[in-house]
Engineer: 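One structure follows; several queries about it will come next.
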Amino acid sequence: MSFVSPRDGHPRVTWSPSLTLVPTHHCFNACGYCSFRQPPPASRLAAGATPADALSDAAASHLLRQRPEAREVLLLSGEEVPGSPGRLAWFERLLRLSRLALAHGRLPHTNAGPLSLREMAALGRLNPSMGLMLEGLGPAYDELHRRAPSKRLEVRLGQLEQAGRLGIPFTTGLLLGVGESRADRRDALELLALLQDRWGHLQEVILQPWRPDGLAPRPLERAEQHDLLNTIAEARAILPAEVHLQLPPNLWPVECLVDALEAGIDDLGGIDTGDVINPAYPQPSLQSLAQRLAAGGWELRPRLCVHEAWVPRLPGPLRRAAAAAARLLASEHTFELREP
Ligand code: SF4
């Protein structure tokens, strides 16, 4: 794979070659905007049996072999009720898939909802980075999360605090455009800045525009883009400089992506061949993305799921796994210097 790169000295925006594995779509929450979730079958809740859609090791290995260049394996799971009969099997599957990813020379990044201290610590020994969206705060989120107990603000903040105490490089983010006010957004960003000040573990904050589901994508209108550009600039001003600001490129008109970068975005996140959360919004091709960005004076650079500055904090085995993955990443992605 080769990408066009502008001249040295131009600003960089990063992305992570990624494969998403879904341990299960079953989720006990019911967020108002979610099209990913399948309700847990009543019989399984009673018996604690393995869900019918549980991703097997064989199926996961097959998917890993199909995407050899994906250095990041995003484990994106529906959630199991804490303390329920099925929780242990659900959690052990996350551990198994994390080990499997490492065995294939990939770096797992788990985002599976709130975890107990023991669960997060165990996954933190296998995942160089993990994630959990803060989502946001205020009445609009309260309404959307009426039937999602794990999305309560105090639960999310407790998780971000716990990850900080454990020293896990962490990704969080805000879902934007669900009816929240500018003040709600600012309050959420200030909470994240306080957490970063205390623990220094937030490697990136995703500023994710909410987009409606459906068969066809509904691109952001110009007024919506302006509103979000203001929030990106505000986030850049509020959050410490080491926290990367991430925007999923499939949720923003690619021809206006440079506007978002100039406002403060410096990362495009993990890019898979599709988006399991927003399936109606296809990923732009990397070649076209790189060319557009080069024309705007930006260099597109691949990265690992754990950003470089956080690697020295990892435990020894994960540091070595990250170093090996970085060598492969460098050999897999060659850059051609061309005039934009
Ligand atoms: S927690 Fe995640 S998977 Fe579950 S309903 Fe909410 S958005 Fe969907």
Side-chain angles (χ1 to χ4, degrees), residues 14-24 36 55 60-61 63-64 67-79 90-91 93-115 119-134 156 159-160 162-164 166-173 201-206 208 243-249 267-278 283 301-315 317-326 328-329 332:
T14 49
W15 69 287
S16 167
S18 176
L19 166 70
T20 304
L21 296 182
V22 177
T24 178
F36 169 94
L55 182 68
S61 295
L63 292 168
L64 284 162
R67 293 285 315 287
E69 79 286 6
R71 287 292 126 222
E72 170 180 351
V73 174
L74 171 62
L75 296 176
L76 192 64
S77 184
E79 298 180 29
W90 173 86
F91 181 67
R93 195 170 326 116
L94 293 174
L95 290 176
R96 248 193 359 262
L97 290 170
S98 296
R99 287 193 198 99
L100 188 71
L102 288 170
H104 280 256
R106 320 302 175 85
L107 301 181
H109 173 103
T110 297
N111 185 335
L115 300 163
E119 288 170 342
M120 192 183 275
L123 275 170
R125 286 191 282 278
L126 299 170
N127 285 242
S129 59
M130 294 171 65
L132 183 86
M133 295 285 279
L134 180 69
R156 312 304 270 187
Q159 286 288 300
L160 296 180
Q162 177 172 282
L166 290 170
I168 298 172
F170 217 72
T171 298
T172 187
H201 66 314
L202 296 182
Q203 56 167 4
E204 51 191 20
V205 169
I206 307 170
Q208 178 167 340
V243 179
H244 297 277
L245 292 185
Q246 187 182 113
L247 178 72
D267 186 78
L268 301 179
I271 302 185
D272 195 347
T273 50
D275 179 342
V276 299
I277 300 289
N278 297 283
Q283 296 287 4
R301 276 265 158 185
R303 64 160 174 87
L304 302 177
C305 61
V306 57
H307 285 262
E308 212 174 316
W310 277 262
V311 171
R313 303 179 185 210
L314 296 175
L318 284 184
R319 226 172 29 241
R320 287 190 285 280
L328 283 168
L329 190 72
E332 286 162 352

Engineer: Quick check: do L126 and R99 have side-chain heavy atoms less than 4.5 Å from each other?
Structural biologist: yes

Engineer: Does any non-hydrogen side-chain atom of P108 lie less than 4.5 Å from one of P128?
Structural biologist: yes

Engineer: Between R319 and L314 (side chain of the first, backbone of the second, donor and acceptor by atom type, cut-off under 3.5 Å), is there such a pair?
Structural biologist: yes

Engineer: At what distance, to the nearest 0.5 angstrom, does CD1 of I168 lie from OG of S129?
Structural biologist: 10.0 Å

Engineer: Can you tell me if T172 uses its side chain to pair, donor with acceptor, with the backbone of L134 under 3.5 Å?
Structural biologist: yes

Engineer: Quick one: pull up CD in E204 and CZ in R303 and give me the separation to the nearest 0.5 Å.
Structural biologist: 4.5 Å

Engineer: Let me see the working for L74 and D272 under side chain to side chain contact (heavy atoms under 4.5 Å, CB included), right down to the final yes or no.
Structural biologist: CA-CA 9 Å; L74 171 62; D272 195 347; over 6 Å; no

Engineer: SG/C305 to CZ/R106 distance, rounded to the nearest 0.5 angstrom?
Structural biologist: 12.0 Å

Engineer: Do the side chains of R67 and E69 get close enough for a salt bridge, i.e. N-O under 4.0 angstrom?
Structural biologist: yes

Engineer: Do I277 and L76 touch side chain to side chain, with heavy atoms closer than 4.5 Å?
Structural biologist: yes

Engineer: How about L115 and L123: do any of their side-chain heavy atoms sit closer than 4.5 Å?
Structural biologist: yes

Engineer: I'd like to know if R301 and E308 make a salt bridge, using a cut-off of under 4.0 Å between side-chain N and carboxylate O.
Structural biologist: no

Engineer: Do D267 and T14 have side-chain N/O donor and acceptor atoms under 3.5 Å apart?
Structural biologist: yes

Engineer: With ring pair (Phe, Tyr, Trp, His ring centres under 6.0 Å) as the test, pick out the partner of H307 among H201, H109, H244.
Structural biologist: H244

